[in-house]
Amino acid sequence: SRYENGNLAHKAKILIGKDTRRSSYMFEYAISAGIIASGADAYIMHVTTTPSVSYITRLDDFSCGVMISASHNPFCDNGIKLVNSAGEKMDDETIEKIEAYIDGDFEKAGCGNCDIPYATGEDIGKVVDYVSGRNRYIGYLISIASNSYRGLKIGLDCANGSSWMIAKSVFDALGAKTYVINASPDGVNINRDAGSTHMEGLQKFVVENGLDVGFAYDGDADRCLAVDEHGNVVCGDEILYIFAKRLKRENALDGGKIVTTVMSNIGLYKALDEEGIGYEKTQVGDRYVYENMAKNGYKLGGEQSGHIIMLDHATTGDGQLTAAMLIKVMTETGKSLAQLCEGIEDYPQLLVNVKITESGKGKWNKVPAIMDCISAAEKELGGSGRVLVRESGTEPLVRVMVEGKDMDMVKRLADSIAEEVKRSLT
């Protein structure tokens with residue numbers, strides 16, 4: 001809300017959603033209390049997905065949206081994601097001001113030398129139950145389909161997270177026979193051996209039940225990975241390939257390019273080259289993919305981890321939208337998911353996570369021994385592979401990724417770099 005001369009001049013409307021973590025309820029109550037105490041109104045969607053908050057924020061003209069979630073992290077972690085009135089991730093400058101305000105640096109936060117005043121009397125905000133927004137989001141997902149899904153057997157791994165009440169409703173409404181696992185959240189089992197970070201359960205489930213396809217979401221359902229009818233994992237790279245081919249076939253690939261991150265597999269780029277489809281590469285993070293897309297007018301982008309952004313439909317990654325679109329391509333072409341993936345070959349790729357100390361943060365690329373180890377690995381791989389080392393943005397981890405033609409070599413080189421990081425930073 002905005003105050004002028006000490007009086008409330010504009011009452012903000014703020015949308016709030018949360019995932020199934022036990023602490024999400026505490027965050028929801030605290031954030032709601034702060035919002036109404038400042039004179040704004042809090043609209044509560046309850047347990048819902050990050051993309052649904054983005055969609056309803058944009059659709060219903062909210063001032064901004066708040067999603068309480070730590071995405072794919074374990075239940076003991078939590079945080080908030082902020083979206084602006086257009087449903088886009090909040091810009092860094094605004095986030096820095098919010099963090100400064102929380103830290104008590106009011107001047108840096110842009111509110112002068114004093115705290116934001118509490119509302120009084122009739123200016124106090126209100127809390128509005130807005131579960132209807134979640135229901136309209138479900139209706140939107142259903143409207144994406146152009147064909148009935150009748151006859152399809154679909155597996156869903158909801159990660160005991162945000163999608164547990166939504167995903168089945170969508171596919172049931174479209175006529176599919178749905179089989180669901182990990183849809184019994186208890187506050188502490190979100191992402192535990194489940195969802196897009198633990199695909200082995202869904203792989204087994206699809207094969208044992210003779211399903212046509214399976215989809216796995218993360219905790220807040222903004223990403224999706226798939227499993228084909230043979231039990232093979234279909235990652236974000238293959239999904240991008242399938243969607244890019246569809247857009248090109250329909251002469252709808254604006255700019256002739258898609259947007260990827262540096263984590264995408266070499267196999268994706270070779271397959272795109274074969275199809276005559278161009279690509280951009282950004283640093284890891286769906287926000288950077290979106291920024292590149294918005295700046296250059298591209299329609300499709302995403303990450304290997306399953307964040308897929310389709311600007312014709314959404315401003316953020318949306319796991320359930322991704323799943324619905326994959327089924328749409330399957331029904332349009334009459335092909336199975338495995339058949340749609342023909343033409344793209346994954347190069348062996350290994351990612352090793354090394355836990356580091358707090359004091360080791362931001363130092364991996366300043367340690368000569370680590371840099372020498374990376375250089376030696378790159379020299380051995382030559383032009384047939386690559387090394388990517390980066391620090392996690394959410395956890396005290398250094399991620400070591402090596403890609404090449406031979407898995408034995410890939411593993412040996414990845415382990416050698418990981419061991420050097422561990423020696424130097426723990």
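Position 1 is the first residue of the sequence, and the numbers go up from there.
With hydrogens and angles left out, the side-chain atoms of S162 and T48 include no donor and acceptor closer than 3.5 Å. Side-chain atoms of H72 and D220 form no donor-acceptor pair, as typed in the model, at a separation below 3.5 Å. Between the side chains of N265 and D237, not a single donor N or O lies within less than 3.5 Å of an accepting N or O. Defined by atom type and a distance below 3.5 Å, a donor-acceptor pair is missing between the side-chain atoms of R58 and S85. A donor atom on one side chain and an acceptor atom on the other are not found under 3.5 Å apart for N135 and S132. Under 3.5 Å, the side chains of T50 and D222 contain no donor-acceptor pair of N or O atoms. Looking only at atom types and distance, the side chain of R246 has no donor-acceptor partner in the side chain of Y241 under 3.5 Å away. Under 3.5 Å, the side chains of T357 and S359 contain a donor-acceptor pair of N or O atoms. Under the 3.5 Å distance criterion, with hydrogens and angles disregarded, a donor-acceptor pair is assigned to the side chains of K168 and T178. Inspection of the T197 and D218 side chains reveals no N or O donor paired with an N or O acceptor under 3.5 Å.
Salt bridge annotation for K411-D415: present, with a cationic side-chain nitrogen under 4.0 angstrom from a carboxylate oxygen. Ion pairing between R22 and D186 fails under the 4.0 Å rule for side-chain N and carboxylate O. Ionic pairing of E420 and R423 is present here: one or more N-O contacts between side-chain nitrogen and carboxylate oxygen are shorter than 4.0 angstrom. Ionic pairing of D312 and K299 is present here: one or more N-O contacts between side-chain nitrogen and carboxylate oxygen are shorter than 4.0 angstrom. Classification of K13 and D60 as a salt-bridged pair fails, no side-chain N sitting under 4.0 Å from a carboxylate O.
N353 places no side-chain N or O within 3.5 Å of a backbone atom of L397 that could act as its donor or acceptor partner. With S424 contributing its side chain and V421 its backbone, the two residues share no donor-acceptor pair below 3.5 Å. A donor-acceptor pair is defined here as one N or O able to donate and one able to accept, closer than 3.5 Å; such a pair exists between the side chain of S169 and the backbone of M165. R192 places no side-chain N or O within donor-acceptor distance of the main-chain N or O of F75, the cut-off being under 3.5 Å. In this structure a side-chain-to-backbone donor-acceptor pair under 3.5 Å is present from S336 to Q339. Proximity of a side-chain donor or acceptor of K257 to a complementary backbone N or O of L253 within less than 3.5 Å is not detected. Side-chain atoms of T316 do not come within 3.5 Å of backbone N or O of E88 as any donor-acceptor pair. A distance-only check finds no donor-acceptor pair linking the side chain of Y29 to the backbone of S24 [under 3.5 Å]. In this structure, N296 contributes its side chain and N292 its backbone to a donor-acceptor pair below 3.5 Å. Within the 3.5 Å criterion, the main-chain N or O of Q320 finds a donor-acceptor partner in the side chain of D318.
At most 12 heavy atoms of other shown residues, nucleotides or ligands fall within 6.0 angstrom of atom CD in E93. The local environment of CD in E345 is sparse, with at most 12 non-hydrogen atoms from other residues, nucleotides or ligands closer than 6.0 Å. The local environment of NZ in K379 is sparse, with at most 12 non-hydrogen atoms from other residues, nucleotides or ligands closer than 6.0 Å.
The line from CE of M325 to CE of M310 is 5.5 Å long, rounded to the nearest 0.5 Å.
For D212, the side chain to side chain contact (heavy atoms under 4.5 Å, CB included) criterion is met by L152, K153, not counting sequence neighbours. Considering only residues two or more places apart in sequence or on other chains, K89 meets the side chain to side chain contact (heavy atoms under 4.5 Å, CB included) condition with D286, R287.
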Side chain to side chain contact (heavy atoms under 4.5 Å, CB included) between V284 and R390, worked out
CA-CA 9 Å; V284 174; R390 65 184 185 88; 3.5 Å; yes
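The two atoms that bring G133 and M45 nearest to each other are C-CE, 3.9 Å, heavy atoms only. Across H230 and A338, no two heavy atoms sit closer than the pair CD2-CB, 3.7 Å. Closest approach of S148 and T331 over heavy atoms only: O-CG2, 4.2 Å. In terms of heavy-atom proximity, D77 sits nearest to R21 at O-CD, 3.2 Å. Here the shortest heavy-atom pairing between A159 and G195 reads CB-CA, 3.6 Å. Taking all atoms of both residues into account, the shortest heavy-atom contact from N191 to S71 is ND2-O, 3.0 Å.
Using cut-offs of 30° and 60° on the angle between ring planes, the pair Y43 and F62 is perpendicular.
Annotation: cation-pi pair K18/F27 absent, no NZ/CZ under 6.0 Å from the ring centroid and within 45° of its normal.
Annotation: ring-ring contact (aromatic ring centres under 6.0 Å, His included) contacts involving residues 268-319, sequence neighbours excluded, comprise Y269-Y279.
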